[in-house]
K.L.:
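Got a structure here, written out as structure tokens. Questions coming.
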Amino acid sequence: MLFMYKQVQKLTILVLLWISLPVFLLVTNPETLPLPLLIIPFVLLLLILYKTAEAVLGITLNRRSSKRVKIMAGVVAFLPTLLLILASIRQLTVRDSAIVIGLLVMFIFYMRRIDFLKI
């Protein structure tokens with residue numbers, strides 16, 4: 001029963017996060033928003049992608065350690081957010097995209113091989 005409650009709680013948090021980003025973007029005007037609040041959509045996106053990746057990886061890689069799942073979810077969330085940040089400041093090129101995708105592939109390859117029990 002407790003396990004089911006935890007799963008419902010995680011799903012509720014995930015749905016609320018997915019709803020909060022479009023609501024924030026619809027309610028605010030970037031031209032009148034104070035400068036520090038301009039990073040909130042990126043932070044929300046990073047959090048949404050992290051929680052989603054953590055949930056998906058937790059289900060699909062149930063035999064893996066939770067430390068490995070958290071690290072993999074962090075990288076899977078950070079790299080698309082990095083691409084979006086670069087695109088928003090008009091600094092995203094094909095080379096940057098290739099580098100980020102290469103980093104993601106390399107990271108996934110090494111994460112499958114590393115043994116977290118020794119660390």
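Numbering starts at 1 and runs along the sequence shown. Computed from a prediction, not measured in an experiment: that's the story for all the values here.
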K.L.:
Locate the shortest heavy-atom distance separating L57 from A73; write the atom from each residue and the value.
P.N.:
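Heavy-atom minimum between the residues: CD1-N, 3.8 Å.
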
K.L.:
Hey, does L21 have a side-chain heavy atom less than 4.5 Å from the side chain of L45?
P.N.:
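Counting from C-beta outward, L45 and L21 do come under 4.5 Å.
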
K.L.:
Between W18 and T52, is any pair of side-chain heavy atoms under 4.5 Å apart?
P.N.:
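A side-chain contact under 4.5 Å exists here.
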
K.L.:
Do you reckon I48 sits in the same ILVMFWY cluster as I19, going by side-chain contacts under 4.5 Å, direct or chained?
P.N.:
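Result: no, two separate clusters.
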
K.L.:
Under a single-linkage definition using a 4.5 Å side-chain heavy-atom cutoff for Ile, Leu, Val, Met, Phe, Trp and Tyr, are M106 and M72 assigned to the same hydrophobic cluster?
P.N.:
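No, no single cluster joins them.
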
K.L.:
Applying the side-chain contact (heavy atoms from CB on, under 4.5 Å) test to D96, which of V100, V94, L92 qualifies?
P.N.:
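Exactly one pass, corresponding to L92.
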
K.L.:
Quick check: is I40 connected to L33 through a chain of hydrophobic side chains (ILVMFWY, heavy atoms under 4.5 Å apart)?
P.N.:
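Yes, because L33 and I40 connect within a single hydrophobic cluster, where side-chain heavy atoms sit under 4.5 Å apart.
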
K.L.:
Would a 4.5 Å heavy-atom cut-off, applied to side chains only, mark I59 and V56 as touching?
P.N.:
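When only atoms from C-beta onward are counted, V56 and I59 do not touch, as no gap falls below 4.5 Å.
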
K.L.:
Taking everything shown except F107 itself, do over 12 heavy atoms lie less than 6.0 Å from its CZ?
P.N.:
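Result for CZ/F107: enclosed.
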
K.L.:
So do L46 and F42 actually touch side chain to side chain, heavy atoms under 4.5 Å?
P.N.:
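The answer is no; the side chains never approach within 4.5 Å.
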
K.L.:
Nearest heavy-atom pair of S97 and L83: which atoms, and what distance?
P.N.:
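Smallest interatomic distance, heavy atoms only, reads CA-CD2, 4.0 Å.
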
K.L.:
Under 4.5 Å between side-chain heavy atoms, counting indirect links through other Ile/Leu/Val/Met/Phe/Trp/Tyr residues: same cluster for L14 and F78 or not?
P.N.:
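Hydrophobic grouping puts L14 apart from F78.
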
K.L.:
Is the count of non-hydrogen atoms from other residues, nucleotides or ligands lying under 6.0 Å from I99 atom CD1 greater than 12?
P.N.:
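Atom CD1 in I99 is packed in, count exceeds 12.
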
K.L.:
Report the distance from atom CD of Q91 to atom OG1 of T93, rounding to the nearest 0.5 Å.
P.N.:
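It comes to 8.5 Å.
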
K.L.:
Got Y50 and V75 here, is their nearest side-chain heavy-atom distance under 4.5 Å?
P.N.:
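Heavy-atom side-chain distance check fails, nothing below 4.5 Å.
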
K.L.:
Check whether I108 and I71 end up in the same hydrophobic cluster, where Ile, Leu, Val, Met, Phe, Trp and Tyr are linked by side-chain heavy atoms less than 4.5 Å apart.
P.N.:
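Cluster IDs for I108 and I71 match.
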
K.L.:
Heavy atoms, side chains only, cut-off 4.5 Å: are P22 and L25 in contact?
P.N.:
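SC-SC contact between P22 and L25 ruled out.
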
K.L.:
Over all heavy atoms of both residues, which pair between A77 and T81 is shortest? Give the atoms and the distance, please.
P.N.:
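Reported closest heavy-atom pair: O-OG1, 2.8 Å.
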
K.L.:
Where do K51 and L17 come nearest, in terms of heavy atoms and distance?
P.N.:
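Shortest heavy-atom contact: CG-CD1, 3.9 Å.
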
K.L.:
First locate atom CD of E31, then atom CG of L38, and finally report the distance between them rounded to the nearest 0.5 Å.
P.N.:
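So the CD of E31 and the CG of L38 are separated by 10.5 Å.
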
K.L.:
How long is the straight-line distance from CG of L16 back to OG1 of T12, given to the nearest 0.5 Å?
P.N.:
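The OG1 atom of T12 sits 6.5 Å away from the CG atom of L16.
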
K.L.:
Give the minimum heavy-atom separation between L103 and L79, together with the two atoms involved.
P.N.:
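Closest pair (atom of L103, atom of L79, distance): C-CD1, 4.5 Å.
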
